[in-house]
Amino acid sequence: MTEPSRRISSRDNPTFRELAVLAHSARERRRLGRSVLEGVHLCEAWLQRHGPPPLAAVSTSGRAHPEVGPLLARHGVAAVELADELFAAVSTLQHGVGLAFVVDTPRPGLPASIDRDAVYLDRIQDPGNVGTLLRSCAAAGVGTVLTAPGTAWCWSPKVLRAGMGAHFHLSIHEAVPWGAVRTRLEVEAIGTRVGAAESLFDADLRGAALWLLGNEGEGLSDEIAADVARWVRIPQAEGVESMNVAAAAAVCLFEQRRQRA
C-alpha cells in the first residue's frame, strides 16, 4: 500500500491524503471496506488477532513513546512516520499516543442458522451505547452480534473506542434486516419490557437465546416485537421508568451467565 519506512511531512503526499479521508469520512470507510484504529490498546488487539495491518502510521513523537515502538517491533510492523502536525490532522483523539492502523473491516458471512447465544440491536443510534453493548457481549461470552439497518456503525471510531477491543472477540453482522434473522432463528427470542409479567430473575435463562435490544427512545419495532417469544422485565426501584439500553443488556446477559454457572 505504501513504502513502509517513509517519513511524510507534506499534506500533498498521497498516503497522507488517503489516511485523512479514511479518518474523517464514514462514507469512504464503508465504500472501501476499511476502518481506522487509533491508540495502543486497539492496535495491539488487532495485532493479536489478525497480524500486521495494510497500513500503519505513527507520529514522530509517537515512535518514541515507550509502548508504541516496542509494540511495532514485537509484531514486525513497518509504520510510515507522519510529522506530528500531520498526524494531528488525521487523528480523532485529543490526547492520543500517535499510532493508527488502517485495516480491512471484518465482514463475516451471515450464519445459516442462529442456534446459539446472540444479540440483535434494533436501530440503537448512540455510538457509546453500541460500543458498551459490544463490550458487555464479549465479557458475557455472547459471540454473535447482529444489527438492524439504522444502528450506529460498529466500526466507527466512537464505537471502536467505547468497545475497548471487544470487536475482536465477536462476530459482528451489520445492517441485517429482521426478516433475514427470523428465517435463521433456532433459539428463543427474548425482549425486555417494563411491566412484563415475568421477572428477569425468575425466568429460566439457561437455554440459548437471541436477546432483542431496541432503539433508545422507541424500543423494538412492531415487526420485531411481534416475534418476541418471551418478554421479561428487569426489577428496578419504584418510580423509575426505564434503564439505559446498554446497562439493561449487561444486566440480562450476566443474569443468564449467572444462572448457567
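Bear in mind that the values here come from a model prediction, so they are computed numbers and not experimental data.
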* Asked: Does the side chain of Arg161 come within less than 4.5 Å of Thr92's, by heavy atoms?
  -> yes

* **Side-chain donor/acceptor of Glu174 to backbone N/O of Cys154, under 3.5 Å** => yes

* Single-linkage hydrophobic cluster Leu99~Val90, side-chain heavy atoms < 4.5 angstrom -> no

* Asked: Side-chain contact, heavy-atom cut-off 4.5 Å: Val181 with Asp227?
  -> no

* Asked: Rest of the hydrophobic cluster containing Val194 (Ile/Leu/Val/Met/Phe/Trp/Tyr, side-chain heavy atoms under 4.5 Å)?
  -> none

* Does His41 use its side chain to pair, donor to acceptor, with the backbone of Met164 at less than 3.5 Å? -> yes

* Check Leu213, Leu121, Thr151, Asn244 against Asn129 for a side chain to side chain contact (heavy atoms under 4.5 Å, CB included) and give me the one that passes. => Asn244

* To do: Decide yes or no for Pro108 and Ile172: does some side-chain heavy atom of the first lie under 4.5 Å from some side-chain heavy atom of the second?
  => no

* **Residue Arg206 excluded, over 12 heavy atoms near CZ under 6.0 Å** => no

* So does Asp222 have more than 12 non-hydrogen atoms from other groups sitting under 6.0 Å from CG? -> no

* **Close side-chain approach of Arg257 and Leu205, heavy atoms under 4.5 Å** => no

* Main-chain N/O of Phe87 paired with Ser91 side-chain donor or acceptor, under 3.5 Å -> no

* Asked: Parallel, tilted or perpendicular: which describes the rings of Phe168 and Trp46, with under 30° parallel and over 60° perpendicular?
  -> perpendicular

* Could you tell me whether a side-chain N or O of Asn215 sits under 3.5 Å from a main-chain N or O of Arg123, the two making a donor and an acceptor? => yes

* Do the non-hydrogen side-chain atoms of Leu133 and Val119 ever get within less than 4.5 Å of each other? -> no

* Please work out which of the three classes, parallel, tilted or perpendicular, describes the rings of Trp178 and Tyr120, given edges at 30° and 60°. => tilted

* Look at the side-chain heavy atoms of Ile, Leu, Val, Met, Phe, Trp and Tyr, link any pair under 4.5 Å apart, and say whether Leu212 and Trp231 land in one connected group. => yes

* Any side-chain heavy-atom pair of Ser59 and Glu81 under 4.5 Å -> no

* Asked: Quick one: does Asp117's side chain have a donor or acceptor within less than 3.5 Å of a partner on Gly141's backbone?
  -> no

* **Arg233 side chain vs Leu200 backbone, donor-acceptor pair below 3.5 Å** => no

* Asked: Taking the side chain from Thr132 and the backbone from Ala246, do they hold a donor-acceptor pair closer than 3.5 Å?
  -> no

* Path from Val159 to Val36 over hydrophobic side-chain contacts below 4.5 Å -> no

* Is the side chain of Glu188 donor-acceptor paired with the backbone N or O of Ala208 at a distance under 3.5 Å, no angle test? -> no

* To do: Please answer whether the main-chain N or O of Ser35 pairs with a side-chain N or O of Arg29 as donor and acceptor at a distance below 3.5 Å.
  => no

* Asked: Are any side-chain N or O atoms of His75 and backbone N or O atoms of Pro70, one a donor and one an acceptor, separated by less than 3.5 Å?
  -> no

* For atom CZ of Arg230, decide whether the heavy atoms of other residues, nucleotides or ligands shown that lie under 6.0 angstrom number more than 12. => yes

* Can you find a side-chain donor-acceptor pair between Thr60 and Arg7 that sits under 3.5 Å? -> yes

